[in-house]
Amino acid sequence: QVQLMESGGGSVQAGGSLRLSCAASGLPHSTACMAWFRQSPGKEREGVAGVYNRGGSTYYHHSVKGRFTISHDAATNTLFLQMNGLEPEDTAIYYCAAYVSSRCLVSWSAGPGYSYWGQGTQVTVAS
C-alpha cells in the first residue's frame with residue numbers, strides 16, 4: 001500500500017522559511033518523478049517543484065525559482081521542499097505526489113499524471 005505523508009507546514013511571517021517533508025512508503029521502485037503541488041482557495045492546483053529521481057533533474061514554477069529547493073533522499077525515500085523568502089502568495093495547502101512513468105518528463109507539473117498523493121500540509125504566510 002502506497003503512503004505519502006507530508007509534514008512541516010505551519011504559519012510564518014513573510015520572509016521566513018519552512019521545510020516540508022514527505023515520507024513515502026510502498027512506492028514502486030521505478031517511480032520516476034516526485035513533486036510538490038499546492039492549492040489555495042479559489043485557485044487551481046499548481047505544480048511548485050518536481051524532481052526526476054533517475055537523473056536528479058529538478059523543475060520549478062517560475063514564481064518560486066531561487067526561493068524554493070526540492071530534494072529527494074533515496075535512502076529514506078523522503079521528499080523535501082526547502083522554502084525560503086516566503087511570501088503571502090505562497091499560502092496554500094501543499095501536496096506531495098509521485099509519478100511512476102518517465103512520461104513525467106514531458107510535463108512534470110501535469111497533476112493528472114501523478115498516481116499517488118499525500119493528504120497535504122497547510123502553509124500560511126502572514127504579511
Under the side chain to side chain donor-acceptor pair (under 3.5 Å) rule, what pairs show up with a residue in residues 116-127, not counting sequence neighbours?
-> Q122-T124
Here the pair of heavy atoms bringing R54 nearest to S102 is NH1-CB, 3.5 Å
Transitive ILVMFWY cluster of V106 at side-chain heavy atoms under 4.5 Å: who else is in it?
-> none
R103: what forms a salt bridge (Lys or Arg N to Asp or Glu O under 4.0 Å) with it, not counting sequence neighbours?
-> none
Is there a side-chain contact between Y52 and L105, using heavy atoms and a 4.5 Å cut-off?
-> yes
Sort and list the pairs that fulfil salt bridge (charged side-chain N to carboxylate O under 4.0 Å, His left out) and have at least one residue in residues 58-69, not counting sequence neighbours.
-> R67-E87, R67-D90
Pairs in or reaching into residues 33-82: which pass disulfide (SG to SG under 2.5 Å), with residues at least two apart or in two chains?
-> C33-C104
Do M83 and Y94 have side-chain heavy atoms sitting under 4.5 Å apart?
-> yes
Specify the closest pair of heavy atoms between C96 and M34, including all atoms of both residues, with the distance to one decimal.
-> SG-CE, 4.1 Å
Grab the two heavy atoms, one from L4 and one from A97, that are nearest each other, plus how far apart they are.
-> CD1-CA, 4.0 Å
Closest non-hydrogen atom pair between Y60 and A49, with its separation = CD2-CB, 3.6 Å
Applying ring-ring contact (aromatic ring centres under 6.0 Å, His included), name anything that partners Y95, two or more places apart in sequence or on another chain.
-> none
Mind jotting down which residue pairs meet the ring-ring contact (aromatic ring centres under 6.0 Å, His included) criterion with at least one end in residues 63-92? Sequence neighbours excluded, please.
-> none
Residues two or more places apart in sequence or in another chain: which of them pass salt bridge (Lys or Arg N to Asp or Glu O under 4.0 Å) with E89?
-> none
Table please: side-chain donor-acceptor pairs of residues 108-115 below 3.5 Å, with sequence neighbours left out.
from: Y114; atom 1: OH; to: W108; atom 2: O; distance (Å): 2.5

Please walk me through it: do I70 and W36 pass side-chain contact (heavy atoms from CB on, under 4.5 Å)?
-> CA-CA 8 Å; I70 189 171; W36 290 95; 3.7 Å; yes
Residues forming a side chain to side chain contact (heavy atoms under 4.5 Å, CB included) with S63, sequence neighbours excluded = R38, H61
Output, in order, the C-alpha distance, side-chain angles, deciding distance and verdict of side-chain contact (heavy atoms from CB on, under 4.5 Å) for Y59 and V51.
-> CA-CA 6 Å; Y59 310 90; V51 59; over 6 Å; no
Looking at CG of L79 and CE of M5, how far apart are the two atoms once the value is rounded to the nearest 0.5 Å?
-> 14.5 Å
Side-chain donor-acceptor pairs of residues 9-31 under 3.5 Å, sequence neighbours excluded:
from: S17; atom 1: OG; to: N84; atom 2: OD1; distance (Å): 2.9
from: T31; atom 1: OG1; to: P28; atom 2: O; distance (Å): 2.8

Taking a hydrophobic cluster as the set of Ile, Leu, Val, Met, Phe, Trp and Tyr residues connected by side-chain heavy atoms closer than 4.5 Å, whether directly or through intermediates, do V64 and L81 fall within one such cluster?
-> yes
Disulfide (SG to SG under 2.5 Å) contacts touching residues 43-88 (sequence neighbours left out) | none
